There are 2 protein chains.
Amino acid sequence: MSVALRSRRRDELVSAAARLFSERGYHGTSMQDLGDALGLLRGSLYAHIGSKQDLLFDVVDQGARRFLQRGEHAVHQVAPSPQRLRDFLVGHAEVAIEQLDAGRVFLNEWRYLDDSLQEDIKTKRDAYEEMVRGILRDGVAAGELRADLDISLAARLVLSCGNWIYSWYRLDGEMSPSAVGEAFANMIIGGLHQEEAV
Amino acid sequence: MSVALRSRRRDELVSAAARLFSERGYHGTSMQDLGDALGLLRGSLYAHIGSKQDLLFDVVDQGARRFLQRGEHAVHQVAPSPQRLRDFLVGHAEVAIEQLDAGRVFLNEWRYLDDSLQEDIKTKRDAYEEMVRGILRDGVAAGELRADLDISLAARLVLSCGNWIYSWYRLDGEMSPSAVGEAFANMIIGGLHQEEAV
DNA sequence: ATTCTACAAACAAACAGTTGTTTGGAACAG
DNA sequence: CTGTTCCAAACAACTGTTTGTTTGTAGAAT
């Protein structure tokens, strides 16, 4: 009990956990591994956290919060729907790549959270998806996007390519995060097909 | 040693592994769990397999092979590029949903394979991605797809929405697998934006 | 300045249980 | 009678967590 909620050591622990959970998975990472990463015995870690689950939640929640924060910025912009969608995807790509580890854990390991903690994260994830649906609905209403659009499915298309970034993006690559977001937005909005006439 | 490569029991074991690895992850599933699922002691499983890694490889490889098989069918069709892309996505969605467990393991747990086994899977995954790039290149050459397309990135867009199906598709949902594939193909090819004139 | 107090941080050791795997022998099949 | 299939038991190592105790270091009291 009575665990320090914030301290230098705890922050080190959380970011070591982000790295290791991302590389080896939650169940593939032992308290031993985490202790080794900080140069401590595994028992000593319990001076800073309540349990291994706590650590997982901290990492996942950190990932979720950053996406939400950046998403709100794009949503609350005053601009045409396609422009806000573009901005949303750029922001998503930037956040995803600036926190590759926490983001990967957010996407892959959240399901290993205990039920109550999992609910918290699901709520945040739903809110994030709702942002995209909102943008799309506005676009249809304004006549900027196809009228026959299946909003949920289109939102999934947008989020899919954003979330899949983790599995292929390499930091030594030639594309910047925002360029990736821009490119995806252009393809999604404009389509891959050759337009007949302009 | 001298492990039966094929038998009824082994098949049962592999599909139990697919289900459990998919639900709890590779490291989150113990040999105990697998034994319980078949009504055997965990030690008894070693009459049918060499190691836990063997099981993981079998599940992942099974997932990979089915995607490749179905993908080839779409690629070798004689039809315009957009039509082949549509067929590829429909096939992908069908395979993904008909083998939800193995597919999830193929996508999420392959990284826990030992190096040499991992190479095998990477090769198959690359071949699958190359199918999509091939279709896209043909489409650009034939003037059916935009000339300025970034082939690799467009392929990633296609594969992203295909692979992300696992995280949202529910079997009790109202959309059939092929309808999902069709819908994604339409959005990707045509774009979300409202076309000015037709 | 020197003592006393308070506290966080870490160790060392143990907890009870689980991990993947191997072995020797039994039951049962063709 | 030869294999296959399984159990029973053990293997050493590792799991997450708790305990009692030591250490370093602040601030307050002397």
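These numbers were taken from a predicted model, which means no experiment stands behind them. Quick note on labels: first sequence line is chain A, next is B, and so on, each numbered from 1. Heavy-atom basis, side chains included; hydrogens, waters and symmetry copies ignored.
Only G39(B), L40(B), L41(B), listed by number, bring a heavy atom of residues 28-41 of chain B to less than 4.0 angstrom from any atom of DNA chain D.
Here the P atom of nucleotide dC11(C) and the NE2 atom of H48(A) are 10 Å apart, to the nearest Å. If you take CD of Q53(B) and P of dG20(C), they are 11 Å apart, rounded to a whole angstrom. If you take CZ of R42(B) and P of dT23(C), they are 16 Å apart, rounded to a whole angstrom. The CZ atom of R8(A) sits 17 Å away from the P atom of dA8(C) (whole-angstrom rounding). The CD1-C1' distance, from I49(B) to dT5(D), rounds to 14 Å in whole Å. We find that CD of E12(A) is positioned 15 Å from C1' of dA8(C), with the value rounded to whole Å. We find that OH of Y112(A) is positioned 15 Å from P of dG16(D), with the value rounded to whole Å. Atom CG in D54(A) sits about 13 Å away from atom C1' in dG16(D), given to the nearest Å.
For the residue pair S167(A) and W164(A), the shortest heavy atom distance occurs at OG-O, 2.8 Å. Summarising the geometry of I121(A) relative to W110(A), their closest heavy-atom pair is CG2-CB, 4.4 Å, with the distance given to 0.1 Å.
Counting only N and O atoms by type, the side chains of D33(A) and S30(A) include a donor and acceptor under 3.5 Å apart.
Between dT19(C) and H27(B), no contact under 4.0 Å exists linking OP1 or OP2 to a side-chain N or O. S44(A) has a side-chain polar atom (N or O) that falls below the 4.0 Å cut-off from OP1 or OP2 of dC11(C).
At a threshold of 4.5 Å between non-hydrogen side-chain atoms, the residues T29(B) and H27(A) do not count as touching.
Using a 4.0 Å heavy-atom cutoff across all strands shown, R9(B) reaches sugar-phosphate atoms only and no base atom.
Proximity note for Y46(B) (side chain, C-beta onward) versus dT15(D), dA10(C), dT21(C): the nearest is dT21(C).
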Go ahead and write out DNA chain C as dot-bracket, 5' to 3': ( ) for pairs within the strand, [ ] for ones crossing earlier pairs, | when the partner sits on another strand, dots for unpaired; Watson-Crick or G-U wobble, both distances under 3.5 Å. ||||||||||||||.||||.||||||||.|
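Taking the charged nitrogens against the carboxylate oxygens, E109(B) and R24(B) have no contact shorter than 4.0 Å, which rules out a salt bridge. With respect to D126(B) and K122(B), no salt bridge is recorded, no charged nitrogen being found less than 4.0 Å from a carboxylate O.
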Test side chain to side chain contact (heavy atoms under 4.5 Å, CB included) applied to Q53(B) and Y26(B), step by step: CA-CA 9 Å; Q53(B) 274 278 320; Y26(B) 176 69; 3.6 Å; yes
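Residue Q99(A) is tested with E94(A), Q62(A), R66(A), R104(A) for a side chain to side chain donor-acceptor pair (under 3.5 Å); the sole match is R66(A).
With sequence neighbours excluded, no residue forms a ring-ring contact (aromatic ring centres under 6.0 Å, His included) with Y166(B).
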